[in-house]
Amino acid sequence: MSDLSSSNFYKILGVEPTADERAIKKAYFALMRKYPPETHAEQFMKLREAYEVLSNPDARKEYDTMGTQDDGHAAEQVRLATEAIEGGRYPEAQQILARLLNEKPELDFARDLLGMAFLHGKQADAALEIFEELVVKHPANGSYQMHRGHAHHVKKELKAAEAAYLKAVELSPDDVRPLVSLSDCYADQKRWDDALKVLDKAIHLDGSVDFRDFGLFVRKLEVEMERKDSAAMARTLESLMPIIPDDPKSKRFVADRLGSLAAPLFAQQRVDDANLLMKYAAQVDPKRGTGRMPNTFEVETETLPEASKAWLVAQKNKPSDDKINNSAMGWPIFWLLVSGGGVLWAWGQAFASYRPLGSGGLTVLFVGMSLALLLAAWSLRGIIEASKSPYGAYTIVHPLYLLQVRPWKLIAWPLANLHDVKITHHYTNGVYSTTRIELIFNGRTFNHSIYGQEKAVEWANRVLAKRRRMLELMHAGLLEDGAAETNLIPAELVPQEGVTKPSERAKARTKRGYIGAGAAVGLAGLATLIAIPLDQVKRDNRAWENATGYGYNTSKVTRYKKYLAQHPEGRHADEAKKAIDDVYAKAEARVKQHQSSEMAKGLLELVQTLREKGASRVGVKYESKTAFEKLDLNKLPDDLRGKIIDPRLAFTAKANQVREAQITESLGKAFDKLLGDDVVEVGKPKYGSYDYDDDYSSRSRSKKTEEPEPPVTLVVKYEVALNGSIYESVKESGYGGTQKKTDRKFLGTQFYWDFEMLFSGDEKPRYTFEFDSEPAKNISWTSYGSRYNYGNYDSSTLPYDKMAGSAFDDFQHQIAVRFGVEAATPKPKVAPKYEDDDFDDVDSPAPPPAAHKPAPKKLGKAPR
């Protein structure tokens with residue numbers, strides 16, 4: 001029977017002095033299973049020392065020659081040296097063994113022990129010298145070769161260490177220790193595959209895989225951890241599970257060892273790999289309170305054991321530097337007030353506001369009121385739960401977690417997952433306000449503000465200290481031996497991958513939440529249904545206000561018709577129809593007052609047609625052409641060639657469009673004067689065919705509408721021809737325009753107009769007239785840009801523009817006369833007038849105008 005308290009190697013292994021090598025080996029491996037190095041380091045060292053001596057024939061012979069019974073002094077010295085090595089007193093062990101070897105230099109096993117004392121004392125050179133001597137003296141001793149490899153390994157001479165380990169494996173093929181040392185050497189060289197192959201060989205060395213190989217599995221896991229091979233770790237853990245004995249002590253030991261391996265991984269922020277180990281530790285020992293450390297998770301308070309509930313209640317009323325008090329009702333009351341404001345706003349928009357909402361606004365009303373009522377229901381539930389809960393609300397640093405205690409749940413942040421701490425002191429206008437603490441847990445952040453810089457820093461340091469203490473205990477395998485509070489959250493309540501299985505109470509709470517949410521949405525829907533008819537009335541009133549109010553660029557008829565189109569059965573539909581009839585009746589009456597005008601009959605028919613067609617818009621169409629498209633300025637007389645400004649430059653399509661827009665505007669004004677404001681709209685809408693809604697839901701939107709073909713179109717045709725005259729531009733300069741200089745020459749123009757009133761369905765116009773217009777006798781202008789440096793407003797074609805403007809003004813006057821808006825007045829003849837500004841052009845007077853559509857004339861210079 002083994003006696004580990006003895007100094008006799010035979011008694012330590014529990015064998016007789018006559019035992020053969022096989023019996024010694026069997027006894028050693030049996031004791032190894034009983035005293036594994038992970039949990040019995042001291043006993044294991046005694047067993048290994050005894051085995052190393054007795055398993056080596058030469059060392060055993062020396063030991064037997066020394067005779068522990070005949071020479072008690074030598075045996076006592078070896079025992080004292082061994083105890084000193086075990087206690088870490090390496091200089092003491094070296095002195096004892098040196099004195100013994102001076103007395104008995106033939107004791108090589110004592111010399112080997114001295115080498116180990118040097119090696120443990122970090123005197124690798126002295127140890128290597130001893131092991132080299134022993135290897136030379138005993139070349140077949142595998143233990144000496146292995147110890148020589150240890151010395152080279154400590155000195156980082158990895159190739160020499162590898163060679164020594166290989167030799168030890170060769171000499172002691174049944175010894176697992178050289179294989180483990182060789183694997184460590186390969187791992188230090190990053191030769192991961194070789195290291196794992198050697199460990200697999202060690203595991204299968206005795207022909208079976210059982211719990212005696214647990215230490216080798218642990219070493220294999222360590223190599224895979226260094227390699228950062230999560231998949232290999234999972235495979236090794238799966239192969240480890242079947243060999244674990246089915247007894248609580250062994251399971252507790254394995255779980256503690258796996259937790260010890262996980263601790264440095266948590267410290268390195270390798271949370272996934274660490275939790276892989278913790279997951280298998282929880283499988284081995286399901287009763288562990290310190291099982292997996294997943295990301296932030298929640299636990300219902302009512303599912304906790306009674307002892308845990310009592311601990312939480314005690315912490316609520318217990319003053320502690322680890323605790324930060326929170327308000328259980330503060331936020332619910334705040335959000336209840338916010339939701340009340342939201343409900344009042346929605347109610348006011350639906351029932352108290354004069355402004356209509358429209359379909360979009362009603363949708364916003366429903367959604368807004370639903371959200372407000374949902375928030376109110378959630379807030380009320382929070383207030384009720386807080387008033388009934390005995391736990392209150394606070395945040396506390398637990399030995400394993402940062403716990404946020406709430407009235408009905410715990411929010412747990414495992415300290416093992418804490419990666420970083422950030423502290424920020426905030427100042428407002430140079431005055432300290434608060435300190436913000438950010439704790440980062442594997443990518444997720446816990447935020448909290450604390451008033452007081454020193455208080456905040458101390459609290460953050462306590463969090464770090466608790467984490468550091470937890471990892472130390474975990475690494476030592478002692479975390480389960482801590483206080484009862486480490487079992488606050490039982491392992492079965494820690495969720496898998498952060499997913500919590502709800503309890504019956506939680507399911508009932510969720511069901512009540514859905515019922516409350518449904519009730520809130522139902523109330524919002526009921527309020528919206530009540531608001532719909534009220535909103536229809538608001539829209540009707542707003543549309544009528546727009547119809548009777550001022551409409552920019554739209555006639556009253558258009559606005560009334562728009563109201564009828566939107567609200568055909570509206571409250572003011574009859575008023576709108578009567579108003580339209582009144583507008584047309586008044587227009588007809590005003591036309592009849594001007595029966596003496598040339599176009600009175602046509603205007604009366606126009607109004608009647610619009611009334612009949614239910615329209616208010618009159619179209620305008622322009623047709624223009626010039627009679628000098630093929631003008632060749634190079635064929636002019638020599639005295640004019642190169643001096644005439646081309647008239648085609650002034651009558652481009654773009655320039656004509658600008659002039660035509662002015663005529664359209666004048667036509668509109670003429671109709672307004674004759675028929676009354678807001679009766680007829682002339683031409684296209686000013687801003688295109690867009691219809692702007694009047695309700696609130698569409699204030700910022702516009703809808704493209706199809707513009708119907710107007711029942712009456714005013715066709716304006718004009719032709720521009722040359723009248724045979726020549727204008728000269730005179731440059732005046734000097735005081736009073738005393739200096740004159742002929743600058744440019746222009747061809748005189750003549751305009752021929754045809755005006756037609758075309759009714760839809762007719763191929764020919766019903767009413768028409770034509771006339772021609774001459775430019776003014778004098779055309780003068782002043783350009784101030786050159787003098788005051790505001791930019792040059794002068795243009796080479798400006799005289800042509802002035803001629804066209806004069807003709808267009810004449811056309812507008814003729815239209816007004818024929819509509820009866822203005823009286824026919826002869827155009828006054830203006831004497832030549834020159835305006836001197838030192839820089840500006842003044843045209844010379846033109847010759848008398850040519851007859852209507854004259855035959856082409858030979859161009860010549862107009863008389864001065």
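Bear in mind that the values here come from a model prediction, so they are computed numbers and not experimental data. Index from 1, following the sequence.
- By the 30° and 60° cut-offs, the orientation of the rings of Tyr427 relative to Tyr432 is perpendicular.
- Within 6.0 Å of CH2 on Trp378 lie more than 12 heavy atoms contributed by other residues, nucleotides or ligands.
- Ser760 and Glu709 share no donor-acceptor pair across their side chains, judged by distance under 3.5 Å alone.
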For this session: Apply the test side-chain contact (heavy atoms from CB on, under 4.5 Å) to residues Trp753 and Gln814: give CA-CA distance (whole Å), side-chain angles for both, the deciding distance (0.1 Å), then the verdict.
Result: CA-CA 10 Å; Trp753 301 91; Gln814 294 294 334; over 6 Å; no
For this session: Begin from the C-alpha positions of His567 and Trp544 and carry the test side-chain contact (heavy atoms from CB on, under 4.5 Å) through to its verdict.
Result: CA-CA 9 Å; His567 306 277; Trp544 181 246; over 6 Å; no
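- Listed by first and then second residue, the salt bridge (charged side-chain N to carboxylate O under 4.0 Å, His left out) pairs that reach into residues 367-385 are Glu385-Arg509, sequence neighbours excluded.
- The local environment of CH2 in Trp408 is crowded, with over 12 non-hydrogen atoms from other residues, nucleotides or ligands closer than 6.0 Å.
- Side-chain N or O atoms of Thr768 include one that pairs as donor or acceptor with a backbone N or O of Phe755 at under 3.5 Å.
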In a table with atom names and distances, give each donor-acceptor pair under 3.5 Å that connects a side chain of residues 512-537 to protein atoms at least two apart or in another chain.
residue, atom, partner, partner atom, Å
Thr528, OG1, Ala524, O, 2.8
Asp535, OD1, Leu357, N, 2.5
Asp535, OD2, Gly358, N, 3.0

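- Residue Gln315 comes nearest to Ile396 through the heavy atom pair OE1-CD1, 3.2 Å, listed as atom of the first residue, atom of the second, then distance.
- In this structure, the side chain of Lys621 does not engage the main chain of Thr713 through any donor-acceptor pair within 3.5 Å.
- Within the structure, salt bridge (charged side-chain N to carboxylate O under 4.0 Å, His left out) contacts touching residues 405-418 (residues at least two apart or in different chains) are Glu298-Lys409.
- For residues 657-667, the pairs satisfying salt bridge (charged side-chain N to carboxylate O under 4.0 Å, His left out) are Arg659-Asp801, Glu665-Lys669, with sequence neighbours left out.
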For this session: Please lay out, stage by stage, how Tyr718 and Tyr622 fare under the test ring-ring contact (aromatic ring centres under 6.0 Å, His included).
Result: CA-CA 8 Å; Tyr718 62 94; Tyr622 293 91; 7.0 Å; no
Problem set entry | Test log, rule side-chain contact (heavy atoms from CB on, under 4.5 Å), inputs Tyr391 and Val313 | CA-CA 5 Å; Tyr391 308 108; Val313 173; 3.7 Å; yes
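- A parallel orientation is assigned to the rings of Phe446 and His448, their planes being inclined by less than 30° (bins at 30° and 60°).
- Minimum heavy-atom separation, Arg559 to Ala547: NE-O, 3.3 Å.
- Although no hydrogens or angles enter the test, the distance criterion places no donor-acceptor pair under 3.5 Å between the side chain of Arg617 and the main chain of Val680.
- Checked against side chain to side chain contact (heavy atoms under 4.5 Å, CB included), Asp420 has the following partners two or more places apart in sequence or in another chain: Lys422, Ile440.
- Heavy atoms from other residues, nucleotides or ligands lying under 6.0 Å from NZ of Lys673 number 12 at most.
- Looking only at side-chain heavy atoms (C-beta outward), Val716 and Glu623 stay at 4.5 Å or farther from each other.
- Classification of Asp581 and Lys577 as a salt-bridged pair fails, no side-chain N sitting under 4.0 Å from a carboxylate O.
- Ring centroid separation for the pair Phe819 and Phe671 comes in under the 6.0 Å cut-off.
- Judged by distance alone, the side chain of Ser387 and the main-chain N or O of Ile384 form a donor-acceptor pair under 3.5 Å.
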Quick one: side chains of residues 335-343, donor-acceptor pairs under 3.5 Å with protein atoms, not counting sequence neighbours, listed by atom name and distance.
residue, atom, partner, partner atom, Å
Ser339, OG, Trp335, O, 3.2
Ser339, OG, Leu336, O, 2.7

